[in-house]
Engineer: 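Before I ask anything, here is the structure I am working with.
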Amino acid sequence: MKDKVYAEPQKYLVDFTFDESVAAVFPDMIRRSVPGYEVVVPMTGLLAARALGDGDHAYDLGCSLGASTLAVLAQLGDRNVRITGVDNAPAMLEQATRNIDDSRVHFLEADVRTMTFEPAKVVLSNWLLQFVPPNERRPLIERIAEAITPGGCLLLSEKVCFDDQAQQSFFEDTHHAFKRANGYSDLEVSQKRSAIENVMIPDPIETHVSRLKNAGFTTVQPWFTCLNWVSMVAWR
C-alpha cells in the first residue's frame with residue numbers, strides 16, 4: 001500500500017508511532033524516506049550471514065516487518081542459525097509473523113531497553129537507536145556488547161546529524177528533497193517532520209563511534225553512507 005499517512009492536513013499532530021496505519025504502509029514509507037534503504041537491507045543480510053555459522057544466534061532489534069531478518073535468511077542457505085526478531089510495536093510484529101514462516105526465526109515483543117539479552121554472534125540494529133531516548137543509548141549499547149560473543153559483530157544503521165550547522169542544513173534539506181523526489185508533497189514532508197522530530201533524535205557519527213568503542217567493540221567501520229544516513233559494523 002502507498003504511504004498516505006500525512007497526505008491530508010491534520011488539525012492535531014501527535015508524535016509519530018509505529019501503529020496499525022504505519023505498519024500497513026511501512027514498506028513504501030521506508031523506501032521513500034530512507035536513502036540507501038534498498039542497498040542497506042540486503043547488504044546487512046550478507047554481512048550478518050558471513051559471520052554466522054551452525055548453532056549461532058542472531059538478534060534483529062527493531063525488526064519491524066522483518067525485512068532484515070529475511071535478508072539474513074536469504075544468505076544463510078540451510079545453516080542452523082537461530083534468529084530472534086524484537087520489536088515493541090504489536091502492529092509491526094503481527095505482520096512480521098505473517099511475512100516469515102521459518103522455524104529458525106522467533107519473534108519477541110519487548111522493549112530493547114529492558115529486555116534480557118541471550119548470547120549472540122550477530123546483532124542487527126537498523127534505524128533503532130535513533131528512537132531510543134539519548135540518555136538510554138549508552139547503557140543499551142553496553143548490554144548489546146556484553147551479549148555478543150567473541151568474534152561477533154553489531155550491524156548498526158542510523159540517521160546522523162552534524163555539529164556544523166551549514167553541513168547539517170545542507171544534508172537535512174537534501175533529505176527532504178529526496179522525499180519530494182519520491183513523490184511526497186511539501187505537506188507530507190512538513191507534517192512528518194513535525195510528528196517525528198521529538199521522537200527520532202540522531203547523533204553525530206563521532207558519538208556513535210566513541211560510544212561503541214567505550215562499550216568494548218574493538219573495531220568500528222562505516223561501510224555505507226548516503227546523505228545523513230550511515231551504516232557501520234562494530235566487531236567484538
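Computed from a predicted structure; not experimentally measured. Below, all heavy atoms of this structure are taken into account, side chains as well, without hydrogens, waters or symmetry copies.
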Engineer: Quick check: closest heavy atoms across Leu73 and Arg104, and the distance to 0.1 Å?
Structural biologist: CD2-NH2, 3.7 Å
Engineer: Under the criterion salt bridge (Lys or Arg N to Asp or Glu O under 4.0 Å), I'd like the reasoning laid out for Asp203 against Lys159: C-alpha separation, chi angles, the key distance, then a yes or no.
Structural biologist: CA-CA 8 Å; Asp203 284 321; Lys159 183 180 182 180; over 6 Å; no
Engineer: Using ring pair (Phe, Tyr, Trp, His ring centres under 6.0 Å) as the criterion, point out the one residue from Phe170, Trp229, Tyr184 that pairs with His175.
Structural biologist: Trp229
Engineer: Is any side-chain heavy atom of Leu156 closer than 4.5 Å to one of Leu212?
Structural biologist: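 Side chain of Leu212 against side chain of Leu156, heavy atoms only: contact under 4.5 Å found.
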Engineer: Leu76 and Ile83: side chain to side chain contact (heavy atoms under 4.5 Å, CB included), yes or no, with the steps?
Structural biologist: CA-CA 11 Å; Leu76 280 180; Ile83 303 175; 4.2 Å; yes
Engineer: Would Asp56 and Arg82 pass as an ion pair if we require N to O under 4.0 Å?
Structural biologist: no
Engineer: Evaluate the side-chain proximity of Phe107 to Cys63: yes if any heavy-atom separation is below 4.5 Å, no if none is.
Structural biologist: yes
Engineer: Has Arg50 got more than 12 heavy atoms of other residues, nucleotides or ligands less than 6.0 Å from its CZ?
Structural biologist: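 12 or below, so no.
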Engineer: Would a 4.5 Å heavy-atom cut-off, applied to side chains only, mark Ile30 and Trp127 as touching?
Structural biologist: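 They are in contact (side-chain heavy atoms under 4.5 Å apart), so the answer is yes.
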Engineer: Any donor and acceptor pair, going by atom type alone, linking the side chain of Glu158 with main-chain N or O of Leu129 inside 3.5 Å?
Structural biologist: yes
Engineer: Hey, are the side chains of Val81 and His57 touching, using non-hydrogen atoms and a 4.5 Å cut-off?
Structural biologist: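 No, every pair of side-chain atoms sits at 4.5 Å or beyond.
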Engineer: Are the side chain of Gln167 and the backbone of Phe162 linked by a donor-acceptor contact shorter than 3.5 Å?
Structural biologist: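 It does not hold such a pair.
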Engineer: Should Ser125 and Leu154 be marked as a side chain to side chain contact (heavy atoms under 4.5 Å, CB included) after you check the CA-CA gap, both sets of side-chain angles, and the distance that decides it?
Structural biologist: CA-CA 7 Å; Ser125 177; Leu154 167 64; 4.1 Å; yes
Engineer: Counting neighbours of CZ on Arg180 that are heavy atoms of other residues, nucleotides or ligands and sit closer than 6.0 Å, is the number greater than 12?
Structural biologist: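 Buried by this count: over 12 neighbours within 6.0 Å.
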Engineer: Side chain to side chain contact (heavy atoms under 4.5 Å, CB included) between Glu206 and Arg211: does it pass, once the steps are laid out?
Structural biologist: CA-CA 8 Å; Glu206 295 79 7; Arg211 183 165 50 216; over 6 Å; no
Engineer: Write down the atom of Arg31, the atom of Asn182, and the distance for their closest heavy-atom approach.
Structural biologist: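 Of all heavy-atom pairs spanning Arg31 and Asn182, the closest is O-ND2, 4.2 Å.
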Engineer: Going from CG on Leu108 to CG on Asp87, what distance comes out if it is rounded to the nearest 0.5 angstrom?
Structural biologist: 10.0 Å
Engineer: If you measure only the distance, is there a donor-acceptor pair under 3.5 Å linking the side chains of Ser68 and Asn126?
Structural biologist: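 Yes, a side-chain donor-acceptor pair sits under 3.5 Å.
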Engineer: Taking side chain as C-beta onward, heavy atoms only, is Phe171 less than 4.5 Å from Val160?
Structural biologist: no
Engineer: In Å, rounded to the nearest 0.5 Å, how long is the span from NE2 of His208 to CE of Met232?
Structural biologist: 6.0 Å
Engineer: If I take atom CG from residue Leu65 and atom CG from residue Asn99, how far apart are they, to the nearest 0.5 angstrom?
Structural biologist: 6.0 Å
Engineer: Would you please say whether a donor-acceptor pair under 3.5 Å links the side chains of Ser169 and Gln165?
Structural biologist: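 A donor-acceptor contact under 3.5 Å links the two side chains.
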Engineer: To the nearest 0.5 Å, tell me how far Tyr59 OH sits from Lys121 NZ.
Structural biologist: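 So the gap between those two atoms works out to 15.5 Å.
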Engineer: Is there side-chain contact between Cys226 and Phe224, with at least one heavy-atom pair below 4.5 Å?
Structural biologist: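 Yes; the side chains approach each other to less than 4.5 Å.
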Engineer: From Glu8 CD over to Leu187 CG, what is the distance, rounded to the nearest 0.5 angstrom?
Structural biologist: 8.0 Å
Engineer: Minimum heavy-atom separation for Lys213 and Val220, please, with both atom names.
Structural biologist: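 Reported closest heavy-atom pair: CG-CG2, 3.9 Å.
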Engineer: Distance check, rounded to the nearest 0.5 Å: Met1 atom CE versus Ser21 atom OG?
Structural biologist: 10.0 Å
Engineer: Please walk me through it: do Phe26 and Gln95 pass side chain to side chain contact (heavy atoms under 4.5 Å, CB included)?
Structural biologist: CA-CA 10 Å; Phe26 190 68; Gln95 287 203 35; over 6 Å; no
Engineer: Is there side-chain contact between Asp60 and Val86, with at least one heavy-atom pair below 4.5 Å?
Structural biologist: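 The answer is no; the side chains never approach within 4.5 Å.
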Engineer: Do Arg113 and Pro133 come within less than 4.5 Å of each other through their side chains, counting heavy atoms only?
Structural biologist: yes
Engineer: Looking at every heavy atom in both Ala48 and Leu124, which two are closest together, and how far apart are they?
Structural biologist: CB-CD1, 4.0 Å
Engineer: Please confirm whether the backbone N or O of Pro134 pairs with a side-chain atom of Arg138, one donor and one acceptor, at under 3.5 Å?
Structural biologist: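 Not a single qualifying donor-acceptor pair exists.
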Engineer: Can you tell me if CG on Asp163 sees more than 12 non-hydrogen neighbours from other groups inside 6.0 Å?
Structural biologist: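 No, because the 6.0 Å sphere around CG of Asp163 holds 12 heavy atoms or fewer from other groups.
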Engineer: Can you see whether Ser185 engages Glu188 through a side-chain donor-acceptor pair at a distance of less than 3.5 angstrom?
Structural biologist: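 Result is yes, a qualifying pair exists.
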Engineer: Classify the side-chain pair Asn228/Glu172 by whether it contains a donor and acceptor separated by less than 3.5 Å.
Structural biologist: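 Short answer, yes.
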Engineer: Are more than 12 heavy atoms from other residues, nucleotides or ligands located less than 6.0 Å from atom CG of Asp173?
Structural biologist: yes
Engineer: Judged by atom type as modelled, is there a donor-acceptor pair below 3.5 Å linking the side chain of Arg32 to the main-chain atoms of Ala181?
Structural biologist: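 A pair under 3.5 Å: no.
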